[in-house]
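Following: one structure in structure tokens, then a few remarks.
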Protein chains: 2
Amino acid sequence: MAKTAGQREHTVADVAREAGVSKAQAARALGEYGAVSDAVRSRVVAAAERLGYRPNQLARSMNTGRSLSVGVVVGDIENPYFALATRGISDAVEEHGFTVVLSNTSERLAAERTAVEMLMDKRVDGLIVAPSTTEAGHLDSVLQAGRPLVLLDRGVPGLPVDLAGSDVSAAAVEAAEELIALGHRRIGYITTSRNDDNRASPQEPLSSPVASRVAALAQAFELNGLRWDESLLRDGLRGEASIASAVDDLVRDKATALIASDSLIGQVVIAALQQKGLRIPDDVSVLMYDDQPWARLLNPPITVIAQPTYDIGYTAGSRLAALIQRRSGLPPLSPFPGRLIRRASFGPVRSAHTGAPDAVEPLEPPMQLATDAGNSTCTRD
Amino acid sequence: MAKTAGQREHTVADVAREAGVSKAQAARALGEYGAVSDAVRSRVVAAAERLGYRPNQLARSMNTGRSLSVGVVVGDIENPYFALATRGISDAVEEHGFTVVLSNTSERLAAERTAVEMLMDKRVDGLIVAPSTTEAGHLDSVLQAGRPLVLLDRGVPGLPVDLAGSDVSAAAVEAAEELIALGHRRIGYITTSRNDDNRASPQEPLSSPVASRVAALAQAFELNGLRWDESLLRDGLRGEASIASAVDDLVRDKATALIASDSLIGQVVIAALQQKGLRIPDDVSVLMYDDQPWARLLNPPITVIAQPTYDIGYTAGSRLAALIQRRSGLPPLSPFPGRLIRRASFGPVRSAHTGAPDAVEPLEPPMQLATDAGNSTCTRD
DNA sequence: CTGAAAGCGCTAACAA
DNA sequence: TTGTTAGCGCTTTCAG
């Protein structure tokens, strides 16, 4: 009964023999290309069925030059942002018959380089990468090799490729202005990324999320005739301990509001605050990037800047598929606007009458079960 | 300056010519196999460098029969459990030089079958799958083909393969007994999976997580001379709406405690409870599987059964690598024990004097920043 | 140690 | 429509 495992796999040649046709005809029937008579096709298909034949994609890829797979290089699949984006990518590319080869870089450039190289060697048909820095050498050579590339979440100055991401600047300015109106003057920004704002020219849009978000923060201060204290930026943080101690530092340094650059950081920030017995928003106001479902479960629910993460991933995937299929005349990808979702983690600065809290826009309606899917309504004018 | 993109990639033949040696020697030097003199090796390496040569892994895989990639088939990479497990898998297999090809099934059997087939066709060297059902046909043929297979999270009755997962039964019984001691008699269990307990023989361990967890629940009742009302099981739930309405149902049906089978469900359950204005634990006690960092951020923090998810993934990856390398005499994988983390979402049943709440074990110590990494200390005896 | 030649399993020309 | 013959880029005999 138990078939001897590991028996040599059948090849087109076997099927051809079994069906009594030439290898080429069998291959054509199996691969669904070329011209094959119905009679032959059915004989071949039947023979293949009988033998349990399965085509060898490797061999197929070798002569077609198409591996039907795309590489996805992210900082960390464990990060909900990347997990969700990857799901979007996966759904999109699978619709076009591609599979996803995944690589984690832990946000390290060296790992990213290695990953890109491996994927290129594996001859993936295209690449989606969330660059961990603005270093572009390895990405440049992807382009040189003529392999389609789409950037995810973060752009790279001077690299002329599609970027699927969001533009949170309007929402960021909006949020910062509300904090300022509430009397906050010392706002801390906490992030894992390094702020390496080395765009080629000043005109070029800020591509690094850190840079653009920090810029938005600064801009909000300027709009109010104030100046943001850059010493309140904590970047390049790795590990919970360093994030927690950054929170400590900032609070000791009189920060009255904290901005977490993603939900992983947000978690730690909130935990650190709770641990220190500081209350949100009474003692410290909090803004978090990425709207994770749990943000509205907390007490108080956390005000966030949401990005349509799944859609961003899906867009990246679709665009990559289009590029691989050499479709031309594709319009540039426009960033999804980020959206400020007001909940209850903003409050006036204590013992500060710096400005009577203006009537801000109303909070998010009571509670919805559906996740805030899809189209953002950014209230920019 | 701008190199004409898309120029034909260099092959070993090119490198050989450039180095003035035979193709075979060049290949040996580049592929690091066979015997090559230092002189030749360095000439070849230099030539390769000069030409920017990159080996074609597809071609390499074709004749070695090893693709250096493993397939990972999960229900949904968006689920934090799978995201983290995948990270573990990825880290483990990369140490052995493998890359991960990822597939999402949305917990649908058809998608799972297709995914497994594609991966087999792509000649992955091994497979890790989190089976969405106990259907084993497609997995069986993986084995038949002699390709190593490791199961993740869920077992399949009658399929003799390694399973990397955890055994939560002790913790589950423990939790249920505490609920019972608090007076709870109607405990609802909410899950996405289907409860298809079709193990071959009664002796066989329960492999489906649903079945084993439900069994643990029932066992706890029996230990107390009671019987769990099976009508309080809500399985096969898809989508937030159906989960929320299951919560509605259960509460209306006098459930005083709710168990969420994973954190995705937990989120929705808690949101639904909040929406209905029901308080945890005053009105409803809550237990959640999987310890997500946010669980301890809530008010009250949620009592959970934690699994070392990363380790589970890492174990799966390591074992798969070992199997691919035909290492033998490997001990069977033992499940990681689940661990009950007491927080504050359990409370006595209101207006019920069914049993004076025993002195239960103390709550988790104040608050730790480090995630509960690694080794579980299950208090089973 | 080195080189020539023969494949891996399939697709792609080219005739017939 | 079919079959024959070459390859894809690499590894692997097998002589030398």
Side-chain angles (χ1 to χ4, degrees), chain A residues 6-45 47-48 51-69 118 120-125 145-146, chain B residues 6-45 47-48 51-69 118 120-125 145-146:
Chain A
Q7 48 207 318
R8 198 182 115 291
E9 315 227 15
H10 291 292
T11 74
V12 250
D14 298 321
V15 177
R17 196 177 318 114
E18 174 83 7
V21 298
S22 76
K23 203 177 67 165
Q25 274 312 80
R28 289 195 258 255
L30 262 9
E32 302 181 319
Y33 61 91
V36 185
S37 67
D38 289 346
V40 168
R41 192 191 336 282
S42 57
R43 288 226 316 280
V44 170
V45 170
L51 263 36
Y53 166 84
R54 295 264 73 208
N56 184 329
Q57 276 295 350
L58 289 179
R60 207 169 254 183
S61 300
M62 265 263 309
N63 7 208
T64 58
R66 329 190 69 257
S67 66
L68 296 184
S69 63
M118 282 213 98
M120 290 292 285
D121 291 353
K122 286 227 158 87
R123 296 308 193 260
V124 293
D125 294 326
Chain B
Q7 50 206 318
R8 200 181 114 290
E9 314 227 17
H10 291 291
T11 74
V12 248
D14 298 321
V15 177
R17 197 177 317 114
E18 174 84 9
V21 298
S22 76
K23 204 176 67 166
Q25 274 312 80
R28 288 196 257 255
L30 264 6
E32 302 179 321
Y33 59 91
V36 186
S37 68
D38 289 345
V40 168
R41 193 196 330 286
S42 58
R43 288 226 316 281
V44 170
V45 169
L51 295 175
Y53 167 83
R54 296 264 71 210
N56 184 330
Q57 276 295 351
L58 288 179
R60 206 167 257 183
S61 300
M62 263 259 311
N63 16 205
T64 58
R66 329 191 71 255
S67 65
L68 296 184
S69 62
M118 283 211 98
M120 291 292 284
D121 291 353
K122 286 226 159 89
R123 296 305 191 261
V124 293
D125 294 326

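Reminder, nothing fancy here: chain letters follow the sequence lines and each chain counts from 1.
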Legend entry - Check: D:dG3 base within 3.5 Å donor-acceptor of A:R28 side chain: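 For A:R28, whose side chain was compared with the base of D:dG3, there is a donor-acceptor pair (under 3.5 Å).
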Inset, instruction - Please confirm whether any donor atom in the side chain of A:R123 sits under 3.5 Å from an acceptor in the base of D:dG9, or the reverse. - result: no
Legend entry - Test item: B:M118 and B:D121 side chains (from C-beta on) under 4.5 Å apart, heavy atoms: no
Legend entry - Side-chain touch B:Q25/B:V44, heavy atoms, less than 4.5 angstrom: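 SC-SC contact between B:Q25 and B:V44 ruled out.
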Within the structure, does a side-chain N or O atom of [X] lie under 4.0 Å from either OP1 or OP2 of [N]?
X: A:S37; N: D:dT2; result: yes
X: B:Q25; N: C:dG3; result: no
X: B:Y53; N: D:dC10; result: yes

Looking at [X] and [Y], would you say the former's side chain and the latter's main chain have a donor-acceptor pair under 3.5 Å?
X: B:K122; Y: A:L68; answer: yes
X: A:R41; Y: A:A29; answer: no
X: B:R43; Y: B:A19; answer: yes

From [options], pick the nucleotide closest to the side chain of [X]?
X: B:N56; options: C:dG9, D:dG9, C:dT2; value: D:dG9
X: A:S22; options: C:dG9, D:dC10, D:dT4; value: D:dT4
X: A:A24; options: D:dT2, D:dT11, D:dT4; value: D:dT4
X: A:V36; options: C:dT2, C:dC10, D:dT2; value: D:dT2

Starting at [atom1] of [X] and ending at [atom2] of [N], how long is that distance when rounded to a whole Å?
X: A:Y33; N: C:dA13; atom1: OH; atom2: P; answer: 11 Å
X: A:D121; N: D:dG9; atom1: CG; atom2: C1'; answer: 13 Å
X: A:N63; N: C:dT11; atom1: CG; atom2: C1'; answer: 4 Å
X: B:L51; N: D:dG9; atom1: CG; atom2: C1'; answer: 15 Å
X: B:L58; N: C:dT11; atom1: CG; atom2: C1'; answer: 14 Å
X: A:R66; N: C:dC10; atom1: CZ; atom2: P; answer: 19 Å
X: A:H10; N: C:dC8; atom1: NE2; atom2: P; answer: 15 Å
X: A:K23; N: D:dT2; atom1: NZ; atom2: P; answer: 18 Å

Inset, instruction - Nearest-nucleotide wise, let me know which of B:M62 and B:V40 is further upstream toward the 5' end of DNA chain C. - result: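 Taking each residue's closest nucleotide, the earlier one in sequence belongs to B:V40.
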